[in-house]
Amino acid sequence: MTRITRDQLLARLRQEIPETTPWEVADWLRDGKEITLIDIREHEEWVQGHVPGARHVSRGFLELQIEMVQPDREAPIVLYCAGGVRSLLAAHNLQELGYTNVYSMAGGFSAWINAGFEFEEPRFLTPAQRERYARHLIMPDIGEAGQIKLLDSKVLLIGAGGLGSPAALYLAAAGVGTLGIVDFDRVDRTNLQRQILHSESEIGELKVESAIRRLHDLNSDIEIKGHPVALSSENALDILREYDIVLNGSDNFPTRYLVNDACHMLGIPLVDASIFMFEGQVTVYQPANPAKGIEGGPCYRCLYPDPPPPGEVPSCAEAGVFGVLPGIIGAIQAVEAIKLIVGIGEPLVGRLLMYDALDQSFRTLNVQRDPNCPLCGDNPTVTELIDYEQFCGLPPRS
Amino acid sequence: MSTIYIPTPLRRLTNKQSRVQVEAATVREALQALDEAFPGIGERLLDANGEVKRFINVFVNDDNIHTLQGLDTPLNPNDKISIVPAMAGGTVKA
Ligand SMILES: [Zn+2]
């Protein structure tokens, strides 16, 4: 093996590796050219600023993680470092893995700054957050970017009851930065069989107060807002519009239609679930959002155009509910919310998940948007919130 | 034989059975056979016009019969029919 100096190696790599410039990269980004731009510097360098749109993979992990970032060996990849040397070496490593279209950005991030281009000073996690969320950070699917999305997200829970309890606990633990809870009820002894947010010492207290105490005890890093009100057509839009995602755990049909309609009007994804005795249903109602490239799916009204007449479907208070069931279904709601926030996996949009605790079975049924849906169909007739008690054949709420 | 999955709220009409086997060529026949075996369940599923009530969905295997041929959807042996009613429970008053 011939011995060469560092300068000879770099000179040779400059022959072999195509170099690009900050100006060319800026043009590509502005024109929307599909390039994978990777910042290969160390974490401490990245957090002080980086090129907007870049992904961060430290050079030491590049060969290990590149396939997760860009599996296509022909795809154009631009690497940059601080001054353009490490990225040359890294590009050489990628070529050895079979990547055929790798560029090194000459002059690196320093040249980018000196050229006067904008850069992002990313939010970064505090050392305490890095420790707390370490098991998320180590997974490439979530990582630091995903954890920051969670910390920046706002999720509203309709109800701090059976479904809301496990969902709220897991979302708080996951670091969802703002959790809202709508519930005007107080803790009752019969709740404790399943509503794991609350304790014996809190019987008689407002559920939102009990919930806030428990959730803050679990994670003091997040904000928790209580809305101890009955959700109505008058207040629903104002409360819901502050949030990115809504989780429904309500126990009555008027609230289900109200939350569905309000979420659709505001364009907010709704993670809906209901439970009865030993059986649960979960699905995600995702309004279409062409600007964000979201195709969307059906809504609650597509599935259930009319509510059952009062008395035709017994309530959980009448028929009972298996205490662990909301634990499973509420946890699945938390999974769906986190997937939507981080942008991973296949959400339960257009799919209804059915769970039966007795035969321990999960089934997934396909549900489609109904073009005749009065809310999300082609010619909608429900364009503002209505009187949902009347719609469900119930007397007006006092 | 096709298998009908009975949702929990209707199991008190089927002697608590969660699955009922029926011999039928269409979904309509399957629901008729179910009503013959367990009289009274038919009127919980179908309205006065013989259509599936609007707070209930019927699926053959994974697909809603709305996207197939409705109650006339033909059945193959071993098809699974799921009856899925709206459920309100979340055990909270909101
Ligand atoms: Zn709809």
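When the shell of 6.0 Å around CZ of B/Phe38 is examined, it contains more than 12 heavy atoms from other residues, nucleotides or ligands. Residue A/Glu295 qualifies as open at atom CD: its count of foreign heavy atoms under 6.0 Å is 12 or below. In this structure, A/Lys225 places its NZ atom where more than 12 heavy-atom neighbours from other residues, nucleotides or ligands lie under 6.0 Å away. Heavy atoms from other residues, nucleotides or ligands lying under 6.0 Å from CD of B/Glu43 number 12 at most. Under a cut-off of 6.0 angstrom, the local environment of CD in A/Gln390 is sparse, with at most 12 non-hydrogen atoms contributed by other residues, nucleotides or ligands.
If you measure heavy-atom distances from A/Pro305 to chain B, the contacts under 4.5 Å come from both the backbone and the side chain. Contact annotation for A/Arg363: only side-chain heavy atoms (C-beta onward) come within less than 4.5 Å of a heavy atom of chain B. Only the side chain of B/Thr67 comes within less than 4.5 Å of a heavy atom of chain A; its backbone N, CA, C and O stay farther away. For chain B, the nearby part of A/Thr364 is the backbone; its heavy atoms alone come within less than 4.5 Å.
Between B/Arg11 and A/Asp359, none of the side-chain N atoms (NZ, or NE/NH1/NH2) sits under 4.0 Å from a carboxylate O, so this pair counts as no salt bridge.
Remark: B/Tyr5 OH to A/Asp356 CG distance equals 9.5 Å, nearest 0.5 Å. Taking OG of B/Ser82 as the start and CE of A/Met354 as the end, the distance is 7.0 Å to the nearest 0.5 Å. The CG atom of B/Asn64 lies 7.0 Å from the CG atom of A/Leu303; values are rounded to the nearest 0.5 Å. To the nearest 0.5 angstrom, B/Phe59 atom CZ is 4.5 Å from A/Leu365 atom CG. Summarising the geometry, atom OG1 belonging to B/Thr8 is positioned 7.5 Å from atom CG belonging to A/Leu358; distances are rounded to the nearest 0.5 Å. Between B/Met87 atom CE and A/Arg256 atom CZ the span is 8.5 Å, to the nearest 0.5 Å.
Residues B/Phe55 and A/Pro308 share a closest heavy-atom pair of CD2-CA, 3.4 Å. Closest approach of A/Ser274 and B/Ala88 over heavy atoms only: CB-C, 4.3 Å.
Relative to the six-membered ring of A/Tyr304, B/Arg54 misses at least one condition, a distance below 6.0 Å or an angle of at most 45° to the axis.
Side chain of A/Gln368 to main chain of B/His66: no donor-acceptor pair is present (N/O by atom type, distance under 3.5 Å, no hydrogens or angles).
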Do A/Asn366 and B/Asp63 pass the side-chain hydrogen bond (donor to acceptor under 3.5 Å, both in side chains) test, and can you show the C-alpha distance, the side-chain angles, and the key distance before you say yes or no?
-> CA-CA 5 Å; A/Asn366 299 323; B/Asp63 292 311; 2.8 Å; yes
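Per-residue heavy-atom pair counts under 4.5 Å with chain B were compared for A/Ile329, A/Leu258, A/Asp306, A/Leu352, and the maximum is reached by A/Asp306.
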